[in-house]
Amino acid sequence: MSHEITSNRRHIALGILAHVDAGKTTLSESLLYLSGAIRRQGRVDHGDAYLDTDSMERQRGITIFSKQAQLSLPDFGGLDITLLDTPGHADFSPEMERTLSVLDYAVLVISAPDGVTGQVRTLWRLLAHYHIPVFLFVNKMDQPGMEPDPVLKELSGSLDTACIPLPDTDPEHFDAETAEALAVCDDRLLEQYLELGQVPSTSEIAALIAARKLFPVYFGSALKNTGVDTLLRGLSRYTAEPALSGTFSAKVFKISRDAAGTRLAWMRVLSGTLYAKMEVTVSGTQRSLEEPSGFGASAPSILKVDQLRQYSGDSFSVLREAPAGQIVCATGLDTVSAGQILRNGAKTGQPGNSPEAGATAGQPGSSPEDPETAVMLSESLQRRSVSEQLILPVFRSAILLTDDTDPVTALHNLKLLQEEEPMLGIEYDPRTKQISAEIMGEVETEIIRSLSEKRFGMSISFGPPSVVYRETIAAPVEGVGHYEPLRHYAEVHLLLEPAERGSGITFDTNLSTDTLPLNWQRLVLSSLMSVHFRGVLTGSEVTDLRITLIGGRASEKHTEGGDFRQASIRALRQGLMSAESILLEPWYRFEAEIPQDAIGRLMSDIQRMDGRLDPVGGDGVRAQVTGFVPAEETGDYASEVRAYTHGTGQISFSLSGYEPCRNPGDVILKTAYDPASDLEQPADSVFCSHGAGVTIPWNEVRSYMHVDTGWHPDTQQAPGGSLPMDGRQEDGRQTFSSQWRKAQTAEKKSWQQQQHDISAGEEELRRIFEQTYKGSSWNTPLHDPANDFPDDSTGLWSRDGSLERSAGLPAGSSKDSSDGPDRPLASQNRSTGSVPPGSANSAREDYLLVDGYNIIFNWPELRELAAVNLDSAAGRLTEILSDFQGTQSGRLIIVFDAYKVHGGKRHILHQGNVDIIYTKEAETADSYIMELTHSLAKKGNVTVATGDGIVQMIIFSAGARRMSAGELKDRVNEAKKKIRDRYHV
């Protein structure tokens, strides 16, 4: 039966999230049992949990697939809940994240004995990204020694200070401490409380939660059903149904199959009403879920809904209609995929198309006392409907088939599994005839093996995992494509620009409809959006790219739709072939909690992995260490940590993003990808000559183009003219220089951007340490970790050999191999940082790094001066060390903290013979000295002067010398004495 929304009932979609083994499914069972949805409460360890419906879930005791259940709570304020139980294991995080895009609220389950783990922090960041209001339930409080106060302190310190326990009573009965804590969450409520003593009302608390300014905390034991009824009453009091209105739209978030093999498309109805037998249009891809209007949309297709189902556990009911807010699944939509948007595709007069039907189903349905909350939830849900997933697999494994398995059949079957798990990324390499998949971890591979055997009777195994690389470009470039065989015509010009790291691919047009009609422009962009482009270095997927249509031409007589698809692909590919490409590799953020005596081992291991460290925290007994490390280096390091800490330490990893590859030359040569032979994504163009199509190579094609956009990368002006105000020259040609764009937006720069413009930047850092890297050229196309200071330009490679020629290298070769076969590769030296004997870098320079403010507060005379004026103390220290440096060899660098300067950028001052570095915002001197020490210790003799014991331990593990504040003072005084004795002063 269909779900009815009336004025006295509310409906919300509620997700249950947790780290594995925190008791998430047990809490779901308790909620179902106390609401009367089930008569007997199952248990995960007994294999009879209501929502663990798959046999693999019951065998393993973990949730693998997200599940849905319906709760009706007449005794809890008339609240109806669609409950979504999500996977907790990290290997199935993508399944969990897809569910987040359709939630109104979430309950985050915290295991009291485990506290805030790395996975909990990852979930917290995801919930913030998707703007989901959160209730927290601290589970397993029945275990010995568990008290609320320590857990609450950890939640407040690790997650948010707005994690506040709410008493099981109406707000007017709250005690003064709770009322004050709630008032602090909002300036207006605080003013009311201080001036009038007014306690926040129920609707005001609900609004705080919806705006993510308050995160209510409840304590209990899901297994023993304690505290769960309090959570239910809290959900009833402080939630509101989002105000979803408008014509029909729905977000598909999951694809599955029932026991009979019927394909099910799971969706949240965002607005309007979905009817059985209704025709819908499908738009959006996994790359983009933008509105169909405008230039970012895929060409819509029309499908017909066959049957509507609403599941609760294993059972379902068939619906005639599903109003806004409902989560249902539909049959008959055989070509939709997770992430797509459905809209009304019916003709006038058919169900679901009338304005009255849409208006009725679109009524908010929330209680009249909290319309502000309902509106905020509606806006949050709409934002989430166009979000891309953040959790992505970073490893790929070859799928090994048995001898009697047909590869074509295996590929088809695996593609069916990919419909249910889009992150699986099944690919077939025609060169090696190898099928591969992107994977999250070992548990996921076991599940895929089981599913293949269970559904298809197909036995598979997985080869060793390898890193999934990405590619981008270093500078703007114009890509051109022409497709003109006989009786066809299309030409496309695209501006390719590097985008912010982690931003993916965005599409735009800046072309007059007088130059190219709107329908052709839309076709170009929709064609580009439907293709996952491969880079030209290794064939890896391209990312962090902004693509703008800046020129094109069609023929009224000969152009067809497919012509622009061909020209668009060739234009983008030609641009990639012409650009300076960067190979990217994935990096993890790690969070470790270990005994204090194990910190040296951990720091040494992270250094060996080429990782970076944040400042170390802890209480003197246990240390909290965070930082970043290349994903390729991690292996099974979590098990190693548990082993050498005897089970008392733990470390967790989460994807932080992609950075320039450390050894691109090795990866490129090993991959042996030839972009010129990629027939699916050609870079050459086709022209018509004497009635026949002629193929022109990509590196010669530009002079054959029929359109000149006027774009030039090295000038701010269009050819033969001044800066155009509207982006066009008088003859109508388009001009899209990236420098022109910067000039147009110069007055809109933020304070942070202005600070960046006047700061020294990375070029200044290079100049400070350039003597360390004798023999290395900054034009070197390949990054050698043993010789190059890391920067954003690493990993450059060009297909035409221009970058290699600028560095004096043969095209396609690496700097390592150019020295002969006996020279060790950089990757062989990375662990020790050794330098081949006789190389230009074998001469080691001396460096003295001084922790500026630490020394100031350890020298009595400077400490007294700092109490009056800190800047004066810093200036005096600089004068003292400048005099001292006059008697020494090597380089002296003073590092001062500037991490509290909002928007501050790292910058350099040169004062006499001393270099002074001010750190950037959120970067302490300690963390920068650690990073700098790890870089310089490979090439020079580094001494760090500081009074910080932990920093001394860390830099010692990096191979640097330690000098206390007192020792530095003694050396300064000794130098003064020598000067006095020598010059008799």
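In what follows, every heavy atom counts, from backbone to side chain, and hydrogens, waters and symmetry copies are set aside.
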Inset, instruction - Carefully, step by step, assess S436 and R396 under the rule side-chain hydrogen bond (donor to acceptor under 3.5 Å, both in side chains). - result: CA-CA 7 Å; S436 63; R396 176 173 289 277; 2.7 Å; yes
Inset, instruction - With rounding to the nearest 0.5 Å, note down the distance linking CZ in F395 to CD1 in I439. - result: 8.5 Å
Inset, instruction - Work out which heavy atom in A683 is nearest to a heavy atom in Q574; give both atom names and the distance. - result: O-CB, 3.7 Å
Legend entry - Over 12 non-hydrogen atoms of neighbours within 6.0 angstrom of CG in L679: no
Inset, instruction - Enter the distance from L84:CG to F253:CZ here, rounded to the nearest 0.5 Å. - result: 5.5 Å
Inset, instruction - State whether the side chain of R343 and the backbone N or O of S249 hold a donor-acceptor pair below 3.5 Å, judged by distance alone. - result: no
Legend entry - Candidates L545, D544, I582 - the one meeting side chain to side chain contact (heavy atoms under 4.5 Å, CB included) with I473: L545
Legend entry - L583 CG to S540 OG distance, which is reported to the nearest 0.5 Å: 6.0 Å
Legend entry - Member of V269, V328, T273 meeting the side chain to side chain contact (heavy atoms under 4.5 Å, CB included) criterion with E321: T273
Inset, instruction - Would you check if I448 and F462 make a side-chain contact, meaning some heavy-atom pair closer than 4.5 Å? - result: yes
Inset, instruction - Specify the closest pair of heavy atoms between L496 and L572, including all atoms of both residues, with the distance to one decimal. - result: CD1-O, 3.8 Å
Inset, instruction - Measure the spacing between CD1 of I547 and CD1 of I505 and express it to the nearest 0.5 Å. - result: 5.0 Å
Inset, instruction - Using atom types as modelled and distance alone, determine if a side-chain donor or acceptor of D563 lies under 3.5 Å from a backbone N or O of E560. - result: yes
Legend entry - Minimum heavy-atom distance A276-D306, with the two atoms named: CB-O, 4.1 Å
Legend entry - Heavy-atom donor-acceptor pair, S685 side chain to H482 backbone, under 3.5 Å: yes
Inset, instruction - Please check if atom CZ in R487 has more than 12 non-hydrogen atoms from other residues, nucleotides or ligands closer than 6.0 Å. - result: no
Legend entry - Identified side chain to side chain contact (heavy atoms under 4.5 Å, CB included) counterpart of L308 within the set T331, L319, V318: L319
Legend entry - Distance-only polar pair, side chains of R565 and S530, donor-acceptor under 3.5 Å: yes
Legend entry - Electrostatic pair R573:E680 at N-O distance under 4.0 angstrom: no
Legend entry - Flag side-chain contact, heavy atom, 4.5 Å: T559 against W520: yes
Legend entry - Stepwise side-chain contact (heavy atoms from CB on, under 4.5 Å) test for R534 and E471: CA-CA 8 Å; R534 292 187 284 269; E471 295 183 27; over 6 Å; no
Inset, instruction - Indicate yes or no: at least one non-hydrogen side-chain atom of V394 is less than 4.5 angstrom from one of V467. - result: no
Legend entry - Side-chain touch Q70/Q310, heavy atoms, less than 4.5 angstrom: yes
Inset, instruction - Measure across E444 and L424 and return the closest heavy-atom pair with its distance rounded to 0.1 Å. - result: OE2-CD1, 4.3 Å
Inset, instruction - Just say parallel, tilted or perpendicular for the rings of Y588 and F653, cut-offs at 30° and 60°. - result: tilted
Legend entry - Salt bridge R455-E420, side-chain N to carboxylate O under 4.0 Å: yes
Legend entry - Minimal non-hydrogen separation, F248 against L274, with atom names: CE1-CB, 3.4 Å
Legend entry - Interatomic distance, D508 atom CG to L549 atom CG [nearest 0.5 angstrom]: 9.0 Å
Legend entry - Side-chain heavy-atom pair T86, K24 within 4.5 angstrom cut-off: yes
Legend entry - Between CG on residue L342 and CZ on residue R268, distance to nearest 0.5 Å: 14.0 Å
Inset, instruction - Give a yes or no on whether the backbone of I426 and the side-chain of K415 come within a donor-acceptor separation of less than 3.5 Å. - result: yes
Legend entry - Any donor-acceptor pair under 3.5 Å from E633 side chain to P630 backbone: no
Legend entry - Minimum heavy-atom distance L416-R257, with the two atoms named: CD2-NH2, 3.7 Å
Legend entry - S66 and R98: CA distance, side-chain angles, deciding distance, side-chain hydrogen bond (donor to acceptor under 3.5 Å, both in side chains) verdict: CA-CA 10 Å; S66 59; R98 282 190 293 276; over 6 Å; no
Inset, instruction - Take atom CD of E442 as the centre, draw a 6.0 Å sphere, and report whether it contains more than 12 heavy atoms from other residues, nucleotides or ligands. - result: no
Inset, instruction - Using modelled atom types only, decide if a donor and an acceptor are shared between the side chain of E438 and the backbone of G425 within a distance under 3.5 Å. - result: no
Inset, instruction - Step by step, work out the side-chain hydrogen bond (donor to acceptor under 3.5 Å, both in side chains) result for Q68 and S312. - result: CA-CA 6 Å; Q68 174 179 327; S312 187; over 6 Å; no
